[in-house]
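Worksheet for the structure shown next.
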Amino acid sequence: MVGKVLRLALVLLLLASWTNEGQAQTESYENPNALKVWLTISARKRFLEVSWSNAPANKGDQLLVTREDALSFQSQLLRKHTPLAGFPSEEGSGSGDGSPSYVPNSGFTARPATKAATKEEEREQYWVANGGATEVVAAIEPRQGLSTQWFTTGLPFDYALSRNATVHTACYGFWASYIDAQGNILAKTCLKVFPRWMNDLKSKIGEMRLRDLFIPGTHDSGSYRPNFDPLLRESLVTKYALTQDDDIRGQLMHGVRYLDIRVGYYRNSPDPFFIYHGITKQRPLQEVINQVRDFVYETNEIIIFGLKEFPVGFGKGLGVHRLLVSYLRDQFQDLIAHPSLTWRASLRDIWARRQNVFLAYDHEAMVEEFPDVLFGSVEQRWGNKQTWSQLETYLRNINDFDVSRFSSRPVSDMAELTPETWDVILDKTGGLRKMADNVNWRISQLYRNELGTNANIVSADFIRGTTLVETAIEHNARKIYM
């Protein structure tokens with residue numbers, strides 16, 4: 001009888017913790033000043049990144065990373081660990097001088113003492129999770145007085161974890177908890193997928209247009225390579241050709257709803273249509289379409305499939321364009337949103353027709369020739385900037401003087417750096433991954449704190465290094481309270 005009572009009590013406690021966690025999530029949507037924690041992945045070395053905002057940053061506070069969900073934390077006397085040295089500033093990302101200096105595999109982030117350890121120093125107090133059943137794999141001590149920080153840990157992320165995620169996955173891989181000196185969990189997060197975030201908000205955003213939403217997008221969405229490890233296989237070509245680490249399914253699973261598709265035509269190939277980045281050939285278009293189609297059938301989410309540039313094989317005529325449009329129509333069939341919906345359609349109208357894929361085509365003559373298939377293109381606001389200060393100024397300007405918000409046509413802020421030709425030839429910038437790591441944390445903070453309220457589509461390189469998806473979902477949910 002006692003055993004049954006204990007089991008029942010445990011179930012009730014778990015239910016209470018889940019309920020409270022759900023309430024905290026809702027409260028964070030309503031209250032942008034609540035403590036919030038994020039997990040992201042750096043592009044260059046694929047290390048786990050941890051960031052937080054609105055933290056009390058009191059003495060004794062810790063940000064603890066685990067590989068399982070931590071329901072509680074306890075302090076235990078353990079053998080002293082050796083910290084893992086932090087990166088030089090040019091290697092990692094961070095929010096300025098406030099970034100901690102060391103990330104240990106376990107324990108506190110304090111600079112190790114230089115003097116020889118005594119017997120008394122051989123054991124030290126460390127945090128463990130779930131009564132010691134779950135190891136703390138990294139710990140960061142927030143700098144006192146700084147409520148917002150972004151830090152790159154030394155924990156490698158395996159993208160196989162992403163590929164194994166399904167629409168039923170809630171959290172996977174890593175969890176992060178912000179605790180106070182007594183071990184109380186003040187906020188927590190995990191690596192998440194967002195396969196149905198639009199449907200999850202349907203009752204609240206159903207009457208909005210796509211132009212009214214904050215929509216996460218990817219730049220050059222098809223420029224990825226499956227099972228590619230930049231630490232082992234990077235070359236000058238891949239440094240400047242690849243822009244994402246997840247395939248299309250992975251991008252969609254993690255919340256992306258705008259795809260930037262650059263199609264080339266390769267006449268002598270069994271699969272004539274390929275994704276291109278500039279003149280570099282990437283993935284077969286068929287692979288991309290299959291992943292979009294399967295995802296939409298599984299989730300009922302709405303996707304903007306933006307086609308533009310057509311860099312290779314199209315020439316000046318319309319013949320290859322006609323082949324491509326016919327191909328798209330055959331592949332997507334009844335999923336194609338009929339242009340009679342117009343960009344003014346509400347999400348509820350779109351779902352009612354179950355036509356969830358918008359073919360936004362950047363060629364006016366083709367849009368006129370195929371009025372039953374093609375929408376006009378999404379306006380891409382691309383600054384062609386090489387430094388963060390230039391990009392920040394550009395993004396602020398286009399949002400400060402944004403007359404397009406009075407139109408129903410979607411617009412995308414292209415929030416990435418662009419190398420110049422000689423930068424690529426001489427490898428001056430170190431590649432797109434290094435450039436992304438330099439700006440992605442800044443982009444995340446800019447749209448979270450300032451530009452997100454009126455943002456429409458925001459597209460980035462290596463989007464897993466940003467918090468754009470979670471920020472977009474929060475802003476969309478918050479709009480119902482405005």
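Below, all heavy atoms of this structure are taken into account, side chains as well, without hydrogens, waters or symmetry copies.
- Just one of N440, T40, D246 meets the side chain to side chain donor-acceptor pair (under 3.5 Å) condition when paired with R464; it is D246.
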Criterion salt bridge (charged side-chain N to carboxylate O under 4.0 Å, His left out) on D372 and R329, from CA distance to verdict: CA-CA 10 Å; D372 60 332; R329 181 164 50 190; 3.7 Å; yes
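- Within the 3.5 Å criterion, the main-chain N or O of A415 finds no donor-acceptor partner in the side chain of D413.
- Applying the side chain to side chain contact (heavy atoms under 4.5 Å, CB included) criterion to N290, with sequence neighbours excluded, gives Q286, R293, Q331.
- Here the side chains of Y394 and N384 are not in contact, with every heavy-atom distance at 4.5 Å or above.
- Heavy atoms of other residues, nucleotides or ligands lying less than 6.0 angstrom from CD of E364 number 12 at most.
- A heavy-atom distance below 4.5 Å is found between the side chains of W150 and S444.
- Checked by atom type and distance alone, the side chain of E301 pairs as donor or acceptor with a backbone atom of M198 at under 3.5 Å.
- Between R163 and D247 there is no salt bridge, since no side-chain N of the basic residue sits under 4.0 Å from a carboxylate O of the acidic one.
- Between the side chain of Q390 and the backbone N or O of Q386, at least one donor-acceptor pair lies under 3.5 Å.
- Using modelled atom types, one side-chain atom of N199 and one backbone atom of T299 make a donor-acceptor pair closer than 3.5 Å.
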Test side chain to side chain contact (heavy atoms under 4.5 Å, CB included) applied to F462 and I41, step by step: CA-CA 9 Å; F462 301 102; I41 304 162; over 6 Å; no
ring-ring contact (aromatic ring centres under 6.0 Å, His included) assessment of F274 paired with Y276: CA-CA 6 Å; F274 269 79; Y276 276 77; 7.0 Å; no
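- Take S326 and apply the side-chain hydrogen bond (donor to acceptor under 3.5 Å, both in side chains) test, not counting sequence neighbours, and it matches no residue.
- Remark: Y297 engages no residue in a ring-ring contact (aromatic ring centres under 6.0 Å, His included) (not counting sequence neighbours).
- Residues that satisfy the ring-ring contact (aromatic ring centres under 6.0 Å, His included) test with F332, not counting sequence neighbours, are F305.
- Contact annotation: the side chain of W351 approaches that of N356 to within less than 4.5 Å [non-hydrogen atoms, C-beta and beyond].
- Atom CD1 of I279 has 12 or fewer heavy atoms from other residues, nucleotides or ligands within 6.0 Å.
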Going by atom type alone, with no hydrogens or angles, which donor-acceptor pairs under 3.5 Å involve a side-chain atom of residues 306-316 and a protein atom two or more places apart or on another chain?
| residue | atom | partner | partner atom | Å |
| --- | --- | --- | --- | --- |
| K308 | NZ | D362 | OD2 | 3.2 |
| E309 | OE1 | R262 | NH1 | 2.9 |
| E309 | OE2 | R262 | NH1 | 2.7 |

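- A ring-centre distance under 6.0 Å is found for F273 and Y265.
- Counting only distance, with no hydrogens or angles, the side chain of N476 and the backbone of L213 share no donor-acceptor pair below 3.5 Å.
- Using a 4.5 Å heavy-atom cutoff, the side chains of L347 and K202 are not in contact.
- Taking 4.5 Å as the limit, every side-chain heavy atom of W441 sits out of range of all side-chain heavy atoms of S51.
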Residue pair L242, H277: steps toward the side chain to side chain contact (heavy atoms under 4.5 Å, CB included) verdict: CA-CA 8 Å; L242 302 184; H277 183 185; over 6 Å; no
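- Listed by chain and number, the residues in a side-chain hydrogen bond (donor to acceptor under 3.5 Å, both in side chains) with E234 are T238, R433 (sequence neighbours excluded).
- Using a distance-only test at 3.5 Å, with no hydrogens or angles considered, no donor-acceptor pair links the side chain of H219 to the main chain of S459.
- At a cut-off of 3.5 Å, with distance as the only test, no side-chain donor of S42 or T152 sits close to an acceptor on the other residue.
- No hydrogens or angles considered: nothing links the side chains of Q244 and T218 as a donor-acceptor pair under 3.5 Å.
- Ring planes of Y172 and H254: perpendicular class, angle over 60° (limits at 30 and 60°).
- Considering only residues two or more places apart in sequence or on other chains, R353 meets the side-chain hydrogen bond (donor to acceptor under 3.5 Å, both in side chains) condition with S340.
- For E450 (side chain) and Y447 (main-chain N/O), no donor-acceptor pair under 3.5 Å exists by modelled atom type.
- Heavy-atom contacts from other residues, nucleotides or ligands closer than 6.0 Å to CZ of R348 number more than 12.
- I350 and A345 get closest at one heavy-atom pair: CG1-CB, 4.2 Å.
- When every heavy atom of L417 is checked against every heavy atom of D461, the shortest pair comes out as O-OD2, 4.3 Å.
- Under the ring-ring contact (aromatic ring centres under 6.0 Å, His included) criterion, Y240 pairs with no residue, sequence neighbours left out.
- Among residues at least two apart or in separate chains, disulfide (SG to SG under 2.5 Å) pairs with a member in residues 188-300 are C171-C190.
- No hydrogens or angles considered: a donor-acceptor pair under 3.5 Å links the side chains of Q380 and D260.
- Between the N456 side chain and the L210 main chain, a donor and an acceptor come within less than 3.5 Å of each other.
- Around the CZ atom of R322, the shell of radius 6.0 Å holds more than 12 heavy atoms that belong to other residues, nucleotides or ligands.
- A 4.5 Å side-chain heavy-atom check between V292 and L252 finds at least one atom pair inside the cut-off.
- Counting only N and O atoms by type, the side chains of T189 and Y178 include no donor and acceptor under 3.5 Å apart.
- Counting heavy atoms from C-beta outward, Y266 and K281 have side chains that approach closer than 4.5 Å.
- Looking only at side-chain heavy atoms (C-beta outward), L324 and L285 come within less than 4.5 Å of each other.
- Contacts of H363 classified as side-chain hydrogen bond (donor to acceptor under 3.5 Å, both in side chains), with partners at least two apart in sequence or in another chain: none.
- Every residue meeting the ring-ring contact (aromatic ring centres under 6.0 Å, His included) condition with F375, not counting sequence neighbours, appears here in chain and number order: W343, F358.
- Of the charged side-chain nitrogens involved, none lies within less than 4.0 Å of a carboxylate oxygen, so that K434 and D437 do not count as a salt-bridged pair.
- Salt bridge status for R448 with E474: absent, with no side-chain N to carboxylate O gap under 4.0 Å.
- Judged as a side chain to side chain donor-acceptor pair (under 3.5 Å), the pairs with a partner in residues 416-425 (not counting sequence neighbours) are, in order, W382-T418.
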